[in-house]
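Bear in mind that the values here come from a model prediction, so they are computed numbers and not experimental data.
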Amino acid sequence: MLIQKTKIKKIISYFCIHYLYYNLFALLFALFQYNRAPFAVPLGLSIAFEIFICYYYSNKQIVKMVDHVLHIMAYNFVIILYYTNLQYYLFGNLFFLLSFVIRTKESCSSQIQHEYSSIIRFLKTFYRFSSLIASVCISLKLNKYVEWTWPQAFWWYWMFLSALVGTCFTLIIVLLSKLINEIFKQYQTVPQEYKSLLWALYISIISSILSVMWIINTFNRLGLDLPIKIGEVLFYSTVSFNLIIFCAITKLLWDSIIDYCVELLQSQSTDIESQRELPTSQISQQKQYEKRRAIHQIFLKKLSSAFFRQTTKEDLIQQSNKMTELMTERGQTKKILSTIEMESKQLQENQNKMNESNQKCIICCENPPNAVLMICGHGGICYKCGLEMAQKSKECFLCRQQIVFIYEISNFNDDLMKVITITKFNY
C-alpha cells in the first residue's frame with residue numbers, strides 16, 4: 001500500500017503542531033511558576049489545543065473525539081480544584097485513565113497493517129501510559145499521600161530525558177555512518193535524507209536542552225536550591241528563540257522532508273507487498289537476503305564487459321566538464337540544442353537497451369547482463385544467475401570474494417550504469 005503524499009503532509013504537520021504546543025505550554029507554565037501568569041493560562045492553552053486537534057485531526061471518529069473531550073474535562077477539573085483550594089487532584093486521573101483504556105482498546109482492534117504498525121501501536125500505548133503515570137505521581141505528591149521527595153516524584157521525567165538524549169546520540173551516529181559510507185564511496189546519500197536527519201537532530205537536541213533547563217528551574221522554585229541556576233529570562237529567551245528557528249527551518253526544509261518520507265515509505269510498502277505475494281516455499285529463502293529499490297543515486301562505471309567500479313562525484317563532474325568543454329569549443333548553439341535533444345532521446349532508449357541488446361549473461365547465455373556483484377564489482381551476468389550464485393557458493397565466480405550485495409543495473413549512457421535495486425545478503 002503506497003502512502004499518499006497528502007497523508008504524509010498531514011502526519012508531519014500533526015507532529016509539528018504538537019511540538020509547537022509543548023513549547024508554548026512550557027513557556028506559559030514557566031510564567032505561572034514565576035507568578036507572571038495565572039494557572040488558567042497554560043491549562044487554557046491545553047484546552048484550546050485539544051479543541052483544535054479534535055476539530056481538524058479527529059476525522060469525526062468517535063473514539064478520538066471522546067478522547068479529546070475527556071482531556072478537556074480533566075483540564076477543567078484541575079482548574080476548578082486549583083482555584084477552590086480542594087485537594088482532590090488524584091481524582092482527575094480518572095479522566096486520563098478512561099482515555100487510556102479507550103485509546104488502547106481502539107489501537108488493539110485496529111485493522112491497519114504495515115511494517116511498523118506494531119511498533120507504532122506500542123509507542124503510542126507507552127506514551128499514554130507514561131503520561132498517566134506522571135499525572136498519578138504528581139497527584140500523589142501534591143495530596144501528600146506519599147513521602148517522596150520531588151526528585152523521586154519526577155522519576156518518570158528522568159526516563160523521558162534519557163530517551164531524548166538517547167535519540168540525539170542515535171541520530172548523530174546515523175549521520176556519521178552515512179557520511180563515512182559516502183566518503184568511502186559505498187553509496188551516495190540524497191540531500192533530502194541529510195536535511196530530514198538534521199531537522200530531527202535539531203528537534204532532539206533543543207528539546208533535551210529545554211527539558212534540562214525546565215527541571216532545574218522547577219526544582220529551584222520548589223526550594224531544592226540546586227547549585228545550577230538557569231533563571232526565568234534565559235528559559236523564556238531559549239523557548240522563544242526555538243519557536244522562531246523551528247518554524248523557519250521547518251518551512252525551509254518542508255518539501256525535502258515530505259519527499260524523503262514519501263519515497264522511503266513507498267519503497268518499504270512496495271517491498272512488503274512483494275513479500276506477501278511470494279509463495280510459502282520462497283518465504284524461507286527470502287530471509288537469506290533483502291531486496292529493496294535503490295533510494296540513493298548510485299552509478300557504476302563500466303570498465304569492461306565484466307568489471308564495474310562505483311563511480312564518484314569527481315568522475316561525474318569530470319564527465320560533465322568534458323561535455324561542457326566540447327560544446328564550448330564547437331560554439332554552435334544549434335548543434336548544442338540538437339545534441340541535447342538527441343541525448344534526451346538516447347536516455348529514453350537506453351532504459352530498454354539491456355533487453356534489446358544482443359549481449360547475454362556469460363553464465364546462462366539467455367538473459368541480458370543486468371547484475372553486478374559487490375563489493376568486487378564483477379558483472380556480465382543476469383540477476384537470476386547472480387542470485388543463485390550468492391545462495392549456493394556465496395562467492396564471486398571470477399575472484400572468489402564473498403558476495404555482499406547484488407546491484408541490479410540499467411544503462412544510463414555508454415559508460416555509466418544506474419543501480420535500480422540493491423539485494424543485501426544475510427549469511
Novice: Do you know which two heavy atoms are closest between Cys385 and Cys361, and how far apart they sit?
Specialist: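 In this case the closest contact between Cys385 and Cys361 is SG-SG, 3.8 Å.
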Novice: Decide if atom CD1 of Ile375 counts as having more than 12 heavy atoms of other residues, nucleotides or ligands within a radius under 6.0 Å.
Specialist: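 Check fails, neighbour count at 12 or below.
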Novice: Working to the nearest 0.5 angstrom, can you tell me the gap between Lys302 NZ and Asn411 CG?
Specialist: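 That separation rounds to 7.0 Å.
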Novice: Identify the heavy atoms of Leu27 and Ser240 that sit nearest to each other, and give their distance.
Specialist: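 Between these two residues, the closest heavy atoms are CD2-OG, 4.4 Å.
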Novice: Looking at side-chain heavy atoms only, is the closest gap between His18 and Ile53 below 4.5 Å?
Specialist: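 When only atoms from C-beta onward are counted, Ile53 and His18 do touch, with a gap below 4.5 Å.
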Novice: Could you list the residues that satisfy salt bridge (Lys or Arg N to Asp or Glu O under 4.0 Å) with Arg221, not counting sequence neighbours?
Specialist: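 Arg221 satisfies salt bridge (Lys or Arg N to Asp or Glu O under 4.0 Å) with no other residue.
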Novice: Between Phe52 and Tyr21, does the ring centroid distance fall short of 6.0 Å?
Specialist: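 Not close enough - the centres of the two rings lie 6.0 Å or further apart.
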Novice: Applying side-chain contact (heavy atoms from CB on, under 4.5 Å), name anything that partners Thr167, two or more places apart in sequence or on another chain.
Specialist: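 So Thr167 forms a side-chain contact (heavy atoms from CB on, under 4.5 Å) with Leu171, Ser204.
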Novice: I need the full list of side chain to side chain donor-acceptor pair (under 3.5 Å) pairs touching residues 50-59, with sequence neighbours left out, sorted by first then second residue.
Specialist: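 Sorted pair list: Lys10-Asn59, Ser13-Tyr57, Glu50-His68.
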Novice: Using every non-hydrogen atom in the two residues, find where Phe308 and Gly380 come nearest and quote the distance to one decimal.
Specialist: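 Here Phe308 and Gly380 meet closest at CE1-N, 4.1 Å.
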Novice: Verify side chain to side chain contact (heavy atoms under 4.5 Å, CB included) between Leu31 and Val41, making sure each step is shown before the conclusion.
Specialist: CA-CA 9 Å; Leu31 289 172; Val41 172; over 6 Å; no
Novice: Using ring pair (Phe, Tyr, Trp, His ring centres under 6.0 Å) as the criterion, point out the one residue from Trp150, Trp214, Phe154 that pairs with Phe219.
Specialist: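 Among Trp150, Trp214, Phe154, the one that satisfies the ring pair (Phe, Tyr, Trp, His ring centres under 6.0 Å) with Phe219 is Phe154.
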Novice: Quick one: salt bridge (Lys or Arg N to Asp or Glu O under 4.0 Å) partners of Lys229, sequence neighbours excluded?
Specialist: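 So Lys229 forms a salt bridge (Lys or Arg N to Asp or Glu O under 4.0 Å) with Asp225.
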Novice: Could you tell me the separation between the CD1 atom of Ile102 and the CZ atom of Arg128, rounded to the nearest 0.5 Å?
Specialist: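 Reported to 0.5 Å precision, the distance equals 11.0 Å.
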Novice: Who passes ring-ring contact (aromatic ring centres under 6.0 Å, His included) against Phe307, sequence neighbours left out?
Specialist: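 Partners of Phe307 by the ring-ring contact (aromatic ring centres under 6.0 Å, His included) criterion, ordered by chain and then number, come out as His378.
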Novice: Are more than 12 heavy atoms from other residues, nucleotides or ligands located less than 6.0 Å from atom CG of Leu86?
Specialist: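 Check passes, neighbour count above 12.
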Novice: Can you list the residues that meet the ring-ring contact (aromatic ring centres under 6.0 Å, His included) rule with Phe29, with sequence neighbours excluded?
Specialist: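 So Phe29 forms a ring-ring contact (aromatic ring centres under 6.0 Å, His included) with Phe25, Phe32.
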Novice: Just wondering, more than 12 heavy atoms not from Lys384 lying within 6.0 Å of its NZ?
Specialist: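 Open: at most 12 neighbouring heavy atoms sit under 6.0 Å from NZ of Lys384.
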Novice: What heavy-atom pair brings Ile138 and Ala153 nearest, and what distance separates the two atoms?
Specialist: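 Reported closest heavy-atom pair: CD1-O, 4.4 Å.
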Novice: Checking Tyr22 against Ser207: is there a side-chain donor and acceptor pair closer than 3.5 Å?
Specialist: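 The criterion, which ignores hydrogens and geometry beyond distance, is not satisfied for Tyr22 and Ser207.
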Novice: Is any side-chain heavy atom of Trp158 closer than 4.5 Å to a side-chain heavy atom of Ile215?
Specialist: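 SC-SC contact between Trp158 and Ile215 confirmed.
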Novice: Would a 4.5 Å heavy-atom cut-off, applied to side chains only, mark Met73 and Phe77 as touching?
Specialist: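 Not touching, per the 4.5 Å side-chain cut-off.
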Novice: When you look at Ile406 and Leu373, which way does the side chain to side chain contact (heavy atoms under 4.5 Å, CB included) test go after all the steps?
Specialist: CA-CA 5 Å; Ile406 294 181; Leu373 307 178; 4.0 Å; yes
Novice: Are Leu132 and Trp156 packed together at the side-chain level, in the sense that at least one heavy-atom pair is separated by less than 4.5 angstrom?
Specialist: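 Side chain of Leu132 against side chain of Trp156, heavy atoms only: no contact under 4.5 Å found.
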Novice: Provide the closest heavy-atom pair for Thr250 versus Cys16 in the form atom of the first, atom of the second, distance.
Specialist: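 Heavy-atom minimum between the residues: CG2-SG, 3.9 Å.
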Novice: If you look only at pairs with a residue in residues 75-89, which of them pass as a side chain to side chain donor-acceptor pair (under 3.5 Å), with sequence neighbours excluded?
Specialist: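 Sorted pair list comes back empty.
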Novice: Over 60° means perpendicular and under 30° means parallel, so classify the ring planes of Tyr34 and Tyr236, tilted if in between.
Specialist: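 If you compare the ring of Tyr236 with that of Tyr34, the planes turn out perpendicular.
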Novice: Quick one, Leu175 and Tyr194 - any side-chain contact, counting heavy atoms below 4.5 Å?
Specialist: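 Sidechains of Tyr194 and Leu175: in contact.
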Novice: Among residues two or more places apart or on two chains, list those pairs meeting ring pair (Phe, Tyr, Trp, His ring centres under 6.0 Å) that have a residue in residues 162-182.
Specialist: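 Counting only pairs at least two positions apart or across chains, no ring pair (Phe, Tyr, Trp, His ring centres under 6.0 Å) contact touches residues 162-182.
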Novice: Can you list everything that forms a salt bridge (Lys or Arg N to Asp or Glu O under 4.0 Å) with Glu232? Sequence neighbours excluded, please.
Specialist: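 Applying salt bridge (Lys or Arg N to Asp or Glu O under 4.0 Å) to Glu232 gives Arg36.
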Novice: What pairs with Phe160 under ring-ring contact (aromatic ring centres under 6.0 Å, His included), at least two apart in sequence or on another chain?
Specialist: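 Scan of Phe160 (ring-ring contact (aromatic ring centres under 6.0 Å, His included), adjacent residues dropped) gives Tyr157.
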Novice: Ser305: which residues meet the side chain to side chain donor-acceptor pair (under 3.5 Å) condition with it, sequence neighbours left out?
Specialist: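 With neighbours one apart ignored, the set is empty.
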Novice: Is there a side-chain contact between Lys301 and Leu416 in this structure, where contact means two heavy atoms from C-beta onward sitting under 4.5 Å apart?
Specialist: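 SC-SC contact between Lys301 and Leu416 confirmed.
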Novice: Mark yes or no for whether Asn370, through its side chain, and Tyr383, through its backbone, hold a donor-acceptor pair below 3.5 Å.
Specialist: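 A pair under 3.5 Å: yes.
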Novice: Grab the two heavy atoms, one from Ile409 and one from Ile420, that are nearest each other, plus how far apart they are.
Specialist: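 Heavy atoms only, the tightest pair is C-CG1, 4.2 Å.
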Novice: Kindly indicate whether the side chain of Thr104, heavy atoms from C-beta on, has any atom under 4.5 Å from the side chain of Phe129.
Specialist: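 SC-SC contact between Thr104 and Phe129 ruled out.
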Novice: Would you call Glu395 and Met389 a side-chain contact if the rule is heavy atoms closer than 4.5 Å?
Specialist: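 No, too far: nothing below the 4.5 Å cut-off.
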Novice: Given 3.5 Å as the limit, does a donor-acceptor pair link the side chain of Ser99 with the main chain of Phe95, or not?
Specialist: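 Looks like no, no N/O pair under 3.5 Å.
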Novice: Would you sort out whether Met417 and Val372 count as a side chain to side chain contact (heavy atoms under 4.5 Å, CB included), showing the intermediate values?
Specialist: CA-CA 10 Å; Met417 303 291 172; Val372 176; over 6 Å; no
Novice: To the nearest 0.5 Å, tell me how far Ile216 CD1 sits from Ser211 OG.
Specialist: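 Ile216 CD1 to Ser211 OG: 11.0 Å, rounded to 0.5 Å.
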Novice: Between Asn23 and Val239 (side chain of the first, backbone of the second, donor and acceptor by atom type, cut-off under 3.5 Å), is there such a pair?
Specialist: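 No; zero donor-acceptor contacts below 3.5 Å.
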Novice: Donor-acceptor check, side chain of Asn242 to backbone of Thr238, threshold 3.5 angstrom: yes or no?
Specialist: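 No; judged by distance alone, with no hydrogens or angles, the pair does not exist.
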Novice: To the closest 0.5 Å, what do you measure between SG (Cys137) and OH (Tyr145)?
Specialist: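 It comes to 15.0 Å.
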Novice: Take Glu388 and Ile363 through the test side chain to side chain contact (heavy atoms under 4.5 Å, CB included) and record every step on the way to the result.
Specialist: CA-CA 11 Å; Glu388 292 178 355; Ile363 294 179; over 6 Å; no
Novice: Rounded to the nearest 0.5 Å, what separates atom CG in Leu300 from atom CE in Met374?
Specialist: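 That separation rounds to 6.0 Å.
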Novice: Output all residues satisfying ring-ring contact (aromatic ring centres under 6.0 Å, His included) with Tyr19, sequence neighbours left out; order by chain, then residue number.
Specialist: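 With sequence neighbours excluded, Tyr19 shows a ring-ring contact (aromatic ring centres under 6.0 Å, His included) to Phe246, given in chain and number order.
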Novice: In Å, rounded to the nearest 0.5 Å, how long is the span from CG of Leu90 to OG of Ser135?
Specialist: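 Reported to 0.5 Å precision, the distance equals 8.5 Å.
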